Amino acid sequence: MAVQSWSDILKSSKKTALIHDGKRKIHYLFTDGKEMAEEYDLKTDELLVRKWRHKSTLGVQGLWLVEVGEPLAGPVASLESDMIKENSSNPIFMRKDTKTSFQWRIRNLSYPKDVFSVSVDHSERCIIIKTSNKKYYKKFSVPDLDRSQLPLDNSALSFTHANNTLIVSYEKPKEILTLEQELLKELKKLKGSADGDVDCKTQ
């Protein structure tokens with residue numbers, strides 16, 4: 001039932017479509033004022049980006065927060081980049097899903113695979129990555145499962161390590177796969193305006 005309720009929220013949102021640069025870009029405006037923006041590859045239908053924006057209690061528009069895709073550069077990158085430039089060798093955490101799995105990539109982790117441990121914490125509804133040498137620790141949730149109120153399953157979790165990158169995969173449950181397929185059908189029905197056409201059709 002919970003999956004259905006998130007599905008209903010998506011269906012009732014105001015959606016705007018734009019076709020640009022080989023991508024289908026969808027903007028969602030929800031009844032509570034939250035916004036979500038997604039980008040799909042036109043050829044593969046793969047989700048490339050998902051980001052959220054919330055208004056503050058004073059009605060001020062917040063910054064976009066990336067859920068899927070490359071992290072956004074900071075808003076003051078140009079002014080203060082010399083002073084607070086992030087070390088390029090620091091681990092970089094990002095989510096990049098496949099059709100069948102949620103997937104997270106952490107770059108700049110040069111330790112061997114047997115140093116890593118990846119597990120589900122059921123009480124906190126999150127995934128934990130840690131190393132036996134205590135050099136790296138990361139705890140993160142799976143917002144898709146939270147929105148649909150689905151349980152986390154240890155057996156759906158796997159990881160691999162190559163080229164200094166740890167790749168953590170979580171197999172999507174059938175409820176999520178069904179929801180994503182239904183949503184994609186709806187999105188393809190939207191009249192997406194072409195690049196340069198500002199008069200976006202909404203639904």
Side-chain angles (χ1 to χ4, degrees), residues 1-10 23-24 26 28 30 34 36-41 43-52 54 64-72 90-187:
M1 192 62 204
V3 177
Q4 189 58 45
S5 66
W6 170 238
S7 171
D8 289 343
I9 290 168
L10 281 172
K23 298 170 191 166
R24 176 181 285 107
I26 311 291
Y28 303 77
F30 298 100
K34 288 179 189 167
M36 180 173 80
E38 292 184 328
E39 293 181 15
Y40 292 86
D41 186 297
K43 289 179 183 164
T44 64
D45 292 330
E46 194 175 315
L47 176 66
L48 304 173
V49 174
R50 180 186 292 137
K51 53 190 179 179
W52 289 84
H54 306 242
W64 285 103
L65 299 172
V66 176
E67 183 179 307
V68 178
E70 291 277 354
L72 293 172
N90 282 350
I92 298 167
F93 179 87
M94 66 168 286
R95 180 172 150 187
K96 183 174 171 29
D97 291 356
T98 68
K99 282 284 185 67
T100 56
S101 297
F102 303 123
Q103 199 171 84
W104 299 266
R105 292 165 185 256
I106 306 96
R107 296 197 289 260
N108 297 333
L109 289 177
S110 55
Y111 320 115
K113 184 185 175 183
D114 57 13
V115 166
F116 294 97
S117 138
V118 181
S119 60
V120 165
D121 183 325
H122 293 283
S123 61
E124 293 198 34
R125 288 188 55 81
C126 64
I127 295 171
I128 295 174
I129 302 170
K130 53 187 175 184
T131 55
S132 56
N133 59 12
K134 297 186 166 47
K135 297 285 188 185
Y136 185 78
Y137 180 89
K138 181 79 177 175
K139 182 164 74 170
F140 57 96
S141 64
V142 187
D144 308 68
L145 297 182
D146 290 341
R147 284 190 288 266
S148 296
Q149 295 176 24
L150 292 167
L152 275 83
D153 180 4
N154 247 321
S155 65
L157 199 57
S158 62
F159 71 96
T160 185
H161 186 272
N163 303 319
N164 291 342
T165 301
L166 183 72
I167 301 171
V168 177
S169 300
Y170 186 99
E171 194 176 326
K172 293 176 182 176
K174 62 181 184 302
E175 294 92 337
I176 294 288
L177 291 172
T178 303
L179 178 66
E180 289 181 345
Q181 285 161 5
E182 287 175 357
L183 178 62
L184 199 56
K185 281 181 196 166
E186 289 295 314
L187 297 181

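Worth saying up front: this structure is predicted, and the values here are computed from it rather than measured.
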Note to self: Checking the side chain of K172 only, and the main-chain atoms of T98 only, is there a donor and an acceptor separated by less than 3.5 Å?
What the structure shows: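 Between the backbone of T98 and the side chain of K172 there is a qualifying donor-acceptor contact (under 3.5 Å).
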Partner set under side chain to side chain contact (heavy atoms under 4.5 Å, CB included) for [X], not counting sequence neighbours:
{"X": "S158", "value": "S169"}
{"X": "D146", "value": "R125, S141"}
{"X": "S132", "value": "V115"}

Note to self: Run the side-chain hydrogen bond (donor to acceptor under 3.5 Å, both in side chains) test against K139 and tell me which residues pass, sequence neighbours left out.
What the structure shows: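 E124.
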Next item on the list: For N154, enumerate each residue passing the side-chain hydrogen bond (donor to acceptor under 3.5 Å, both in side chains) test, keeping only those at least two apart in sequence or located in another chain.
Entry: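 With sequence neighbours excluded, N154 shows a side-chain hydrogen bond (donor to acceptor under 3.5 Å, both in side chains) to no residue whatsoever.
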Might you point out which heavy atoms bring [X] and [Y] nearest each other, and give the distance in Å?
{"X": "Y136", "Y": "P91", "result": "CE1-CB, 3.7 Å"}
{"X": "I176", "Y": "S148", "result": "CD1-OG, 4.0 Å"}
{"X": "P173", "Y": "L150", "result": "CG-CD1, 4.1 Å"}
{"X": "P151", "Y": "L145", "result": "O-CD1, 4.2 Å"}
{"X": "H122", "Y": "L152", "result": "CE1-O, 3.0 Å"}

With a 4.5 Å heavy-atom cut-off, do [X] and [Y] have their side chains touching?
{"X": "T165", "Y": "R107", "result": "yes"}
{"X": "N164", "Y": "N108", "result": "no"}
{"X": "V68", "Y": "F102", "result": "no"}
{"X": "D153", "Y": "E171", "result": "no"}
{"X": "L10", "Y": "F30", "result": "yes"}
{"X": "D45", "Y": "K99", "result": "yes"}
{"X": "P71", "Y": "V66", "result": "no"}

How long is the straight-line distance from [atom2] of [Y] back to [atom1] of [X], given to the nearest 0.5 Å?
{"X": "E38", "Y": "K23", "atom1": "CD", "atom2": "NZ", "result": "14.0 Å"}
{"X": "R95", "Y": "Q103", "atom1": "CZ", "atom2": "CD", "result": "10.5 Å"}
{"X": "W104", "Y": "I127", "atom1": "CH2", "atom2": "CD1", "result": "4.0 Å"}
{"X": "I128", "Y": "C126", "atom1": "CD1", "atom2": "SG", "result": "4.5 Å"}
{"X": "R147", "Y": "I9", "atom1": "CZ", "atom2": "CD1", "result": "10.0 Å"}
{"X": "I167", "Y": "L109", "atom1": "CD1", "atom2": "CG", "result": "11.5 Å"}

Checklist line | Salt bridge E180-R50, side-chain N to carboxylate O under 4.0 Å | finding: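 Answer for the salt bridge query: no.
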Notebook entry, point to check: Is the shortest distance from a Lys or Arg side-chain nitrogen in E46 or K96 to a carboxylate oxygen in the other one below 4.0 Å?
Noted result: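 Here E46 pairs with K96 in a salt bridge, since their nearest N and O are under 4.0 Å apart.
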Checklist line | Pairs satisfying ring pair (Phe, Tyr, Trp, His ring centres under 6.0 Å), at least one member in residues 157-177, at least two apart | finding: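 Pairs touching residues 157-177 that pass the test: F116-H161.
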Margin query: Can you tell me if K113 has over 12 outside heavy atoms packed within less than 6.0 Å of its NZ?
Written below: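 Result for NZ/K113: enclosed.
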Checklist line | Heavy atoms of other groups near N133 CG, more than 12 under 6.0 Å | finding: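 Yes, enclosed.
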Note to self: Would K138 pass as a cation-pi partner of F93, given that its NZ or CZ must be under 6.0 Å from the six-membered ring centre and within 45 degrees of the axis?
What the structure shows: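 Satisfied, under 6.0 Å and within 45°.
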